[in-house]
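Throughout, a chain's letter reflects where its sequence line sits, starting with A, and its residues are numbered from 1. This structure is a prediction, so every number in the text was calculated from the model and none was measured. Only heavy atoms go into these numbers, but all of them, side chains included; no hydrogens, no water, no symmetry mates.
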Protein chains: 2
Amino acid sequence: MRRMTARPANTHQARLLRLLRDGGPNSRAQLGDRIDLSRSKLAVEVDRLLETGLVVADGLAASRGGRRSHNIRLAPQLRFLGVDIGATSVDVAVTNAELEVLGHLNHPMDVREGPVAVFEQVLVMAAKLRASGLAEGFDGAGIGVPGPVRFPEGVPVAPPIMPGWDGFPVREALSQELGCPVMVDNDVNLMAMGEQHAGVARTVGDFLCVKIGTGIGCGIVAGGEVYRGTTGSAGDIGHIQVEPDGRACACGNRGCLEAHFSGAALARDAEDAARAGQSTELAARLESAGKLTAVDVAAAAAAGDATALDLIREGGNRVGQVIAGLVSFFNPGLVVIGGGVTGLGHNLLASVRTQVYRQSLPLATGNLPIVLGELGPVAGVTGAARLISDHLFSPA
Amino acid sequence: MRRMTARPANTHQARLLRLLRDGGPNSRAQLGDRIDLSRSKLAVEVDRLLETGLVVADGLAASRGGRRSHNIRLAPQLRFLGVDIGATSVDVAVTNAELEVLGHLNHPMDVREGPVAVFEQVLVMAAKLRASGLAEGFDGAGIGVPGPVRFPEGVPVAPPIMPGWDGFPVREALSQELGCPVMVDNDVNLMAMGEQHAGVARTVGDFLCVKIGTGIGCGIVAGGEVYRGTTGSAGDIGHIQVEPDGRACACGNRGCLEAHFSGAALARDAEDAARAGQSTELAARLESAGKLTAVDVAAAAAAGDATALDLIREGGNRVGQVIAGLVSFFNPGLVVIGGGVTGLGHNLLASVRTQVYRQSLPLATGNLPIVLGELGPVAGVTGAARLISDHLFSPA
DNA sequence: CGATCTTTGTCCTGAGTGTGGAGAAAGTTG
DNA sequence: CAACTTTCTCCACACTCAGGACAAAGATCG
């Protein structure tokens, strides 16, 4: 099957494609209402898009009191691949051109196994999705990695938790294997884009997306655009110091946020507490599973375990303290919290909110929602699809 | 005299005006090299600008081996007024269209005297500048106030250190008095724009501009544009907590950065030290002046006073700690430090650098200059002129 | 001092972009 | 079936813009 070869020839076409992607109007007349173009020019550009095959007109819509309109939509066979490489698992999903997730696979895997092994797994998963009939091929792929990325080149740089990935040509390699265009970004940025596209941040121009998983990172969206910083490391808040002479961190410093609270830190603290006999609930879980994760702590807290609750509350205070500073600095319109610890839910949220509302100025917090992400593991892959679609739906 | 009435009719004209403002080429041919337009189109737009009077062609340049070119430049009689209202003083300057400062006045004044009194003073100073022959009138004015501003309306909001200013229609009032367009912004943002236009940040797209005066604020420039946040309070880092249960702050919290280090805090600490007999140098200065300021501390440190040096070093550590966090988060390409404490100079800078380079990740600090502002008090007024000129030099 | 080359600026034609009106097509409503 | 709506197409006209031809003005060199 022939894959997407054409690209929009001008900004009008690009805007039309995005309008259609984002679930907008689907007749020429309705498109005309939302784009600043005359009917005639609009018709010309739509016709050209129809010629390229990026867009199809299939069937007629119901009448709204007059002549029935043609349904204009993005080519239904277009498929994007969204890949989200986390520290401990890989998510792969296939979407249509509207970025609706048609199929989604997850595979536990340590990113430290290196790019070659991870890519092999990604290709297996992509093949499985293809084999299940969801796609005959991919028109583009977005991929997120858990570390800073030199964005224009699509190459990870100096990733602390990803030895072996430094300088690996992710974009080029994956593009070669899949035979389609590929864009690479930080996983946190993709989560932010996902929540922006289909989640809680749909209507917000400036927001922060704090992802608490094995580590902690923060996606920054300013003026509707992801902000990546000078070297692509913007949002790397895991190593902000929260306690002078605090705990030793893998980065070599002491007192980093990540060392005091993160999925990994929480699990370790819970195990310590269980072994110290502070919580029978946690001890029981440790006994049966051999180790603890954030999920266990969440379950224990839900069961009313005071120690687990304390751990969550203290962690929330730590993150909240940092977020409070970021809120003062960045003055976002929304703070989204997501990642593996979302299961800790409202206990975590409550202490974060307390810290932020207490420490930041009223002007910055007055109308500031602090909420959990809406999309869970879908956020990353949706963001990945969005990344590549933004790229393909812009003039060449 | 007739003032500037015309505005650029399209983006081409706007770009040409900015090219000319920013000291660019000044013949049609040279303009053509830097703008993506054909010679013919360029000639048309230049002719139209000449007709409006925004631009003049005066005289011929020296030959460069062929026909001599016409000097194209912004109308020489254009004048912008730059106003920088600080907590304890008012700066007013007049610039030409290239934003060169032609005259600059400073007047000590407490912003808490309220907008009416301050405006009266600003108008007196503007009149003085006009009387000295530097301007026959003003084509536009930019004004900075030491607090958050609802930018589109030009109205200060909830300014903690400016009682009486909340909701005062600064833009409208000043525009009425001066009879020209006015734009209002936070003083810190203007300092950032000043350093961006004519100072150390000329070539940097993403940078932070930390202003340490009576309080502490931070201008944020992302992608070449000032970032103001959702409610205009972005960069308000003075109330980030640096010490749990630290010193009481005017905002009602404890441990705010501003309470531990700022022009005001430094002066107070120095006086305390002098009274406690920890420094004969500071005591002598306190004796003779009745009070101490950051300037005294700087002088004492320059004279080798250990206590003064300690105060500066400790303050630098505090700010450095916060800046380190911001660097991790924002990943800027440059950090500029300015404001009243610039006199503390390299002693301050040294401890800030130490903190940042120690606490932030190598990827973010690897190529990160941390420098003092280049323009001093001129930064604010230059930024103010730049603000209004950006506004006037864009299509209506 | 003239011939030639360079640089600058102007003019003109033709291709392409985009608008708005006229009106055809295809419905609904009474 | 007449009147009205909505959607879509076609067409004439204005405007934008690029690039070539060429004129103006000076430098360079034999």
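Considering only side-chain atoms of A:A43, the nucleotide from C:dG9, D:dT9, C:dG27 that sits closest is D:dT9. Of the candidates C:dG27, D:dC17, C:dG18, the closest approach to any side-chain atom of A:H12 belongs to C:dG18. With C:dG9, D:dC17, C:dT28 as the choices, the nucleotide that has an atom nearest any side-chain atom of B:H70 turns out to be C:dG9. In the set C:dT8, C:dG18, D:dT9, the nucleotide with an atom closest to the side chain of B:A29 is C:dT8. When distances run from any side-chain atom of A:R39 to the nucleotides D:dG19, C:dG21, C:dG18, the shortest one goes to C:dG21.
Across the protein-nucleic acid pair, B:N10 atom CG and D:dT16 atom P stand 8 Å apart, rounded to whole Å. Computed from coordinates, the B:I35 CD1 to D:dA18 C1' distance equals 15 Å when rounded to whole Å. Spacing between atom CD of B:E45 and atom C1' of C:dT10 amounts to 16 Å, rounded to whole angstrom units. At whole-Å resolution of the value, CZ in B:R68 and C1' in C:dT6 are 16 Å apart. Going from atom CG of B:L60 over to atom P of C:dT7 covers 18 Å, rounded to whole Å. Between B:R15 atom CZ and D:dC17 atom P there is a gap of 12 Å when expressed in whole angstrom units. For the pair A:N26 CG and D:dC8 P, the interatomic distance rounds to 10 Å; values are reported in whole Å. In this entry the distance linking CG of A:D47 with C1' of D:dT9 reads 9 Å, nearest Å.
A salt bridge links A:E45 to A:R48: one of the charged nitrogens lies within less than 4.0 Å of a carboxylate oxygen. With respect to the salt-bridge test (charged N to carboxylate O, under 4.0 angstrom), the residues B:R18 and B:D22 do not qualify.
Remark: A:R228 qualifies as a cation-pi partner of A:F151 under the 6.0 Å distance and 45° angle criteria applied to the six-membered ring. Judged by a 6.0 Å distance limit and a 45° cone about the ring axis, B:R79 is not positioned over the six-membered ring of B:F138.
Below 30°, between 30° and 60°, or above 60°: for A:F330 and B:Y227 the angle between ring planes is below 30°, a parallel geometry.
Note on A:S38: a side-chain N or O is less than 4.0 Å away from OP1 or OP2 of C:dT19.
Checking A:S40 against B:R28, the closest nucleotide of DNA chain C that is more toward the 5' end is the one next to B:R28. Place B:R64 and B:L37 on DNA chain D by their nearest nucleotides, and B:L37 ends up nearer the 5' end.
Heavy atoms of B:K41 sit under 4.0 angstrom from primed sugar atoms or phosphate atoms, though from no base atom.
Side-chain atoms of A:R67 and base atoms of D:dT7 include a donor and an acceptor less than 3.5 Å apart.
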